[in-house]
Amino acid sequence: MSSKAAIKFRKKHKADPAYRPFTDEDRMRLAGRLSEAMLALLDADGWCSYDGQVIWLCDPDDWVEVGKEWLPRGRKATDVIVRSAFGDLIGWDGEQFWLVLPHDLARISQTADPEWLFGVEFENPDFHFNADLSKETKAARKACGDLEWTQMFNFAPALALGGDRNLSQIAKEDARVALDILHQLGAIQSIEI
């Protein structure tokens with residue numbers, strides 16, 4: 001593994017079983033769209049989740065419509081490359097990463113450095129994916145069962161409709177459908193750092 005960021009990521013985050021292998025065809029199809037750090041993770045672990053289904057590596061071609069809805073439109077399509085068990089997204093537009101918090105109807109620009117994302121940000125205990133998501137995902141899995149790669153946990157009622165993160169019921173839903181519905185609940189606030 002040649003990426004220092006991927007090595008650091010794998011030391012901190014335990015891979016769950018792959019839901020699909022990463023093939024030579026995947027590598028050719030995604031050439032130039034994924035960072036070296038992500039390619040190194042895919043080579044090592046395949047398309048998988050980490051830390052008990054908290055963090056999921058995403059094939060951007062599986063999430064095109066989601067990317068169109070939630071990520072800023074620029075000179076090129078923005079690829080969804082990582083998501084959380086609760087549908088939080090990380091997208092890459094070829095210039096910078098975006099963190100999308102669909103339950104809060106917000107997206108935040110992050111960094112332009114893929115090595116920083118996988119080697120530093122995912123190491124930060126205060127980073128959104130590391131802070132409370134592990135505990136929330138564990139509780140959701142206990143209540144609803146394991147996720148398939150196409151599913152996510154959702155709040156009912158939705159937080160954007162007055163639900164409460166601590167009081168709402170947790171449901172397991174088709175991720176793309178749930179993200180489409182959440183997208184329709186209000187305007188997305190875009191925060192550039």
Test side-chain contact (heavy atoms from CB on, under 4.5 Å) on Asp43 and Arg27; report intermediate values, then the result. CA-CA 9 Å; Asp43 284 337; Arg27 182 176 276 284; 2.3 Å; yes
Take Leu30 and Asp61 through the test side-chain contact (heavy atoms from CB on, under 4.5 Å) and record every step on the way to the result. CA-CA 9 Å; Leu30 297 168; Asp61 289 344; 4.2 Å; yes
Criterion side-chain contact (heavy atoms from CB on, under 4.5 Å) on Asp26 and Leu42, from CA distance to verdict: CA-CA 10 Å; Asp26 288 332; Leu42 289 166; over 6 Å; no
For a side-chain contact (heavy atoms from CB on, under 4.5 Å) check, start with the C-alpha distance between Ser35 and Glu115, then their side-chain angles and the critical distance, and finish with the verdict. CA-CA 8 Å; Ser35 69; Glu115 292 294 310; 5.8 Å; no
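Taking every heavy atom of both residues into account, Gly87 and Leu179 meet most closely at O-CD2, 3.6 Å. Heavy atoms only, all atoms of each residue included: Cys58 and Val82 are closest at SG-C, 3.9 Å. Listed here is the closest heavy atom pair of Arg141 and Gln53: NE-OE1, 3.4 Å. Taking each heavy atom of Trp92 and Thr111 in turn, the nearest pair found is CZ3-O, 4.4 Å. Closest approach of Asp45 and Ala18 over heavy atoms only: O-CB, 3.4 Å. Ala158 and Leu182 make their closest contact through CB-CD2, 4.0 Å (heavy atoms, listed as atom of the first residue, atom of the second, distance).
Atom NZ of Lys8 is separated from atom OG of Ser3 by 10.5 Å, given to the nearest 0.5 angstrom. Interatomic distance, Phe97 CZ to Ile81 CD1, rounded to the nearest 0.5 Å: 4.5 Å. With rounding to the nearest 0.5 Å, the separation of OG1 in Thr137 from CE in Met152 is 11.0 Å. Distance CD/Gln151 to CH2/Trp56: 8.5 Å, rounded to 0.5 Å. Atom CD1 of Ile7 and atom NZ of Lys4 lie 8.5 Å apart (nearest 0.5 Å). Atom NZ of Lys138 is separated from atom CG of Asp51 by 12.0 Å, given to the nearest 0.5 angstrom.
One side chain, Asp16 or Ser49, offers a donor N or O that lies under 3.5 Å from an acceptor on the other.
No chain of hydrophobic side-chain contacts below 4.5 Å, direct or via other Ile, Leu, Val, Met, Phe, Trp or Tyr residues, connects Val64 to Val66. A continuous path of hydrophobic side-chain contacts links Leu185 to Leu71 [ILVMFWY only; heavy atoms under 4.5 Å]. Under the 4.5 Å side-chain contact rule for hydrophobic residues, Leu161 and Ile188 share a cluster. Two different hydrophobic clusters hold Trp116 and Leu57 under the rule that ILVMFWY side chains link at heavy-atom gaps under 4.5 Å.
The one candidate from Phe9, Phe122, Phe118 that meets the ring pair (Phe, Tyr, Trp, His ring centres under 6.0 Å) condition with Tyr50 is Phe9. Shown are Arg29, Arg83, Arg33; of these, the salt bridge (Lys or Arg N to Asp or Glu O under 4.0 Å) with Asp59 is made only by Arg29.
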Donor-acceptor pairs under 3.5 angstrom involving side-chain atoms of residues 167-175: please list them, not counting sequence neighbours.
residue : atom : partner : partner atom : Å
Ser168  : OG   : Pro157  : O            : 3.1
Ser168  : OG   : Asp164  : N            : 2.9
Ser168  : OG   : Asp164  : O            : 3.0
Lys172  : NZ   : Cys144  : O            : 3.2
Lys172  : NZ   : Asp146  : O            : 2.9
Glu173  : OE1  : Asn154  : ND2          : 2.9
Asp174  : OD1  : Arg176  : N            : 3.1
Asp174  : OD1  : Val177  : N            : 3.0

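Relative orientation of the Phe22 and Trp47 rings is perpendicular, given thresholds of 30° and 60° on the angle between their planes. A parallel orientation is assigned to the rings of Trp149 and Tyr19, their planes being inclined by less than 30° (bins at 30° and 60°).
The backbone N or O of Phe86 sits less than 3.5 Å from a side-chain atom of His103, completing a donor-acceptor pair. One N or O on the side chain of Thr78 and one on the backbone of Pro72 form a donor-acceptor pair closer than 3.5 Å.
Side-chain contact between Glu121 and Leu99 is absent, with no heavy atoms from C-beta onward closer than 4.5 Å. In this structure the side chain of Trp70 never reaches within 4.5 angstrom of the side chain of Asp180, judged on heavy atoms. Side-chain contact between Val120 and Asp113 is absent, with no heavy atoms from C-beta onward closer than 4.5 Å.
Counting heavy-atom neighbours within 6.0 Å of Lys14 NZ, excluding the residue itself, gives a total of 12 or less.
Under the side-chain hydrogen bond (donor to acceptor under 3.5 Å, both in side chains) criterion, Glu136 pairs with Arg165, sequence neighbours left out.
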